[in-house]
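Below is one structure, written out as structure tokens; comments come after it.
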Amino acid sequence: MPIKSTQRVAPANQYPPDAMPKIGRIIFHIGVTAAMFDGFWGLQNLALTKDYIGTQYGGHFQYLTILGLFGTIITMFLSGVCDYLPAIQSLKTIKRVFLLFAMPVELVISSIYWSIILFAPELMLPPNPELSSSSEPSAEAKDPLFRIPLLMDLSMHALPAVALAIDFFFLEKKFKPPASNIGSFVLAATFGTGYSLWVEHCASINGSFPYPFLTIMNFQQRIMMYVGSTLMAWLVFRGLNAIHK
């Protein structure tokens, strides 16, 4: 006598659970993407953009912050697409490549940015353009440095690193060799070398670097800064990946 199976069979038109859209993750990833892009878009209406950055060679894209921001925007957007279409593994692979690049870069950006902002803001922030164009006596009471609004600042210099760390530790698996050793080093070295060449090229045309602390450094000191930041990004990733369960 044949034994009847008690295992439930899903209807032919029903997707398996791991292929269904993940609504909570979609809201998180797309919400973070929108917040970061909104912060960048708000820069376009600031006096610094219109009177200073907009007239320079390279514009916003001579800033490491902006390059890292767009890397994170792409990563978060791809994450949202993967949440909606989890059955497409190729999208997941592409997203993890961007995560491998963006997470260590953003963590280095945030750590350097906030350290300098707290202890020596004049090495990070440009002069306030309103002071040079104003002849009113009250101009002396204004901040001599140009500071963007706090929420905009957080959306570009804090949110990317926090969002990528949350995504990595709670929504992603740890990276394994060769991605965790060779792949991470190649990406860090390629981006670090590419950015150092790009920012040096922009400075040769503009006459100054986008960050004041680079302008006051000589060439040898800048090389040490580029190499040190690149190694820091790689070591940060290696450390985070090691503690990921």
Carefully, step by step, assess W234 and S184 under the rule side-chain contact (heavy atoms from CB on, under 4.5 Å).
-> CA-CA 7 Å; W234 182 60; S184 61; 3.0 Å; yes
With the side chain counted from C-beta on, respond yes when K22 and L171 share a heavy-atom pair under 4.5 Å apart, and no when they do not.
-> no
Close side-chain approach of F28 and I166, heavy atoms under 4.5 Å = yes
Are the side chain of S110 and the backbone of H157 linked by a donor-acceptor contact shorter than 3.5 Å?
-> yes
For the residue pair S79 and Y84, confirm or rule out a side-chain donor-acceptor distance under 3.5 Å.
-> no
Same apolar cluster (I L V M F W Y, side chains within < 4.5 Å links), M232/I109 | yes
State, to 0.1 Å, how close M152 and G39 come at their nearest heavy-atom pair, and which atoms those are.
-> CG-O, 3.4 Å
Q221 and Y226: side chain donor to acceptor below 3.5 Å | no
Hey, mind stepping through Q56 and S208 against side-chain contact (heavy atoms from CB on, under 4.5 Å) and telling me if it holds?
-> CA-CA 10 Å; Q56 289 195 325; S208 63; 4.2 Å; yes
Are L154 and M36 connected in the hydrophobic side-chain network, where two residues link if heavy atoms are under 4.5 Å apart?
-> yes
To the nearest 0.5 Å, atom OG1 of T65 lies from atom CG of L43 at 10.0 Å
Where is the tightest heavy-atom contact between F168 and K173, given as atom of each residue plus distance?
-> CE1-O, 3.9 Å
Do T193 side-chain atoms and T190 backbone N/O form a donor-acceptor pair below 3.5 Å?
-> no
Heavy-atom check, side chain of L164 versus side chain of M76, under 4.5 Å | yes
If we only count heavy atoms from C-beta on, is the M224 to M217 side-chain gap below 4.5 Å?
-> no
Side-chain (H244) to main-chain (E172) donor-acceptor, under 3.5 angstrom = yes
From L231 atom CG to R238 atom CZ, the distance as rounded to the nearest 0.5 Å = 13.0 Å
F37 and W41 aromatic ring geometry - parallel, tilted or perpendicular at 30°/60° bounds | parallel
Starting at CD1 of I182, measure out to CG of L187 and round the result to the nearest 0.5 Å.
-> 12.0 Å
side-chain contact (heavy atoms from CB on, under 4.5 Å) evaluation trace for W114 with D153 | CA-CA 10 Å; W114 291 110; D153 200 0; 3.8 Å; yes
For S115 and I112, indicate whether the former's side chain and the latter's backbone hold a donor-acceptor pair under 3.5 Å.
-> no
Minimum side-chain heavy-atom gap L46-F146 below 4.5 Å = yes
If two hydrophobic side chains count as joined below 4.5 Å and joins carry through other members, does V97 share a cluster with I88?
-> no
Work out which heavy atom in F209 is nearest to a heavy atom in T215; give both atom names and the distance.
-> N-OG1, 3.1 Å
V162, L100: one ILVMFWY side-chain cluster at the under-4.5 Å cut-off?
-> yes
On a heavy-atom basis, the closest approach of G192 and T230 is CA-OG1, 3.5 Å
Where is the tightest heavy-atom contact between P212 and M124, given as atom of each residue plus distance?
-> CD-O, 3.4 Å
What do the steps show when you test F98 against T72 for side-chain contact (heavy atoms from CB on, under 4.5 Å), and what is the final call?
-> CA-CA 8 Å; F98 274 94; T72 305; over 6 Å; no
Calculate, to the nearest 0.5 Å, the distance between atoms CG and CG belonging to L107 and L240 respectively.
-> 6.0 Å
Report yes or no: does R25 contribute a side-chain atom to a donor-acceptor pair with the main-chain N or O of G80 at less than 3.5 Å?
-> no
Of all the heavy-atom pairs spanning Q62 and Y57, show the shortest one and how long it is.
-> NE2-O, 3.6 Å
Within one Ile-Leu-Val-Met-Phe-Trp-Tyr cluster: L85 and L78, side-chain cutoff 4.5 Å | no
Pairwise distance CD1(I53) to CG(N206) - rounded to 0.5 angstrom | 11.0 Å
Hey, what's the ring geometry for Y195 with F191, parallel, tilted or perpendicular (30° and 60° as the breaks)?
-> parallel
Straight-line distance of L214 CG to S196 OG, nearest 0.5 Å | 10.5 Å
So do N181 and P178 actually touch side chain to side chain, heavy atoms under 4.5 Å?
-> yes
E122 versus P144: any side-chain heavy-atom pair under 4.5 Å?
-> no
Take atom CZ in F77; do more than 12 heavy atoms of anything else shown fall under 6.0 Å from it?
-> no
Counting N and O atoms only, with roles assigned by atom type, does the side chain of N218 sit under 3.5 Å from a partner on the main chain of Q220, one being a donor and the other an acceptor?
-> yes
Does D83 pair with K95 as a salt bridge, N-O distance under 4.0 Å?
-> no
Answer whether the closest heavy-atom distance between the side chains of Y63 and L67 falls below 4.5 Å.
-> no
Main-chain N/O of F61 paired to W198 side chain as donor or acceptor, under 3.5 Å = yes
Are more than 12 heavy atoms from other residues, nucleotides or ligands located less than 6.0 Å from atom OH of Y113?
-> yes
For the pair N241 (side chain) and K174 (backbone), establish whether a donor and an acceptor sit closer than 3.5 Å, ignoring hydrogens and angles.
-> no
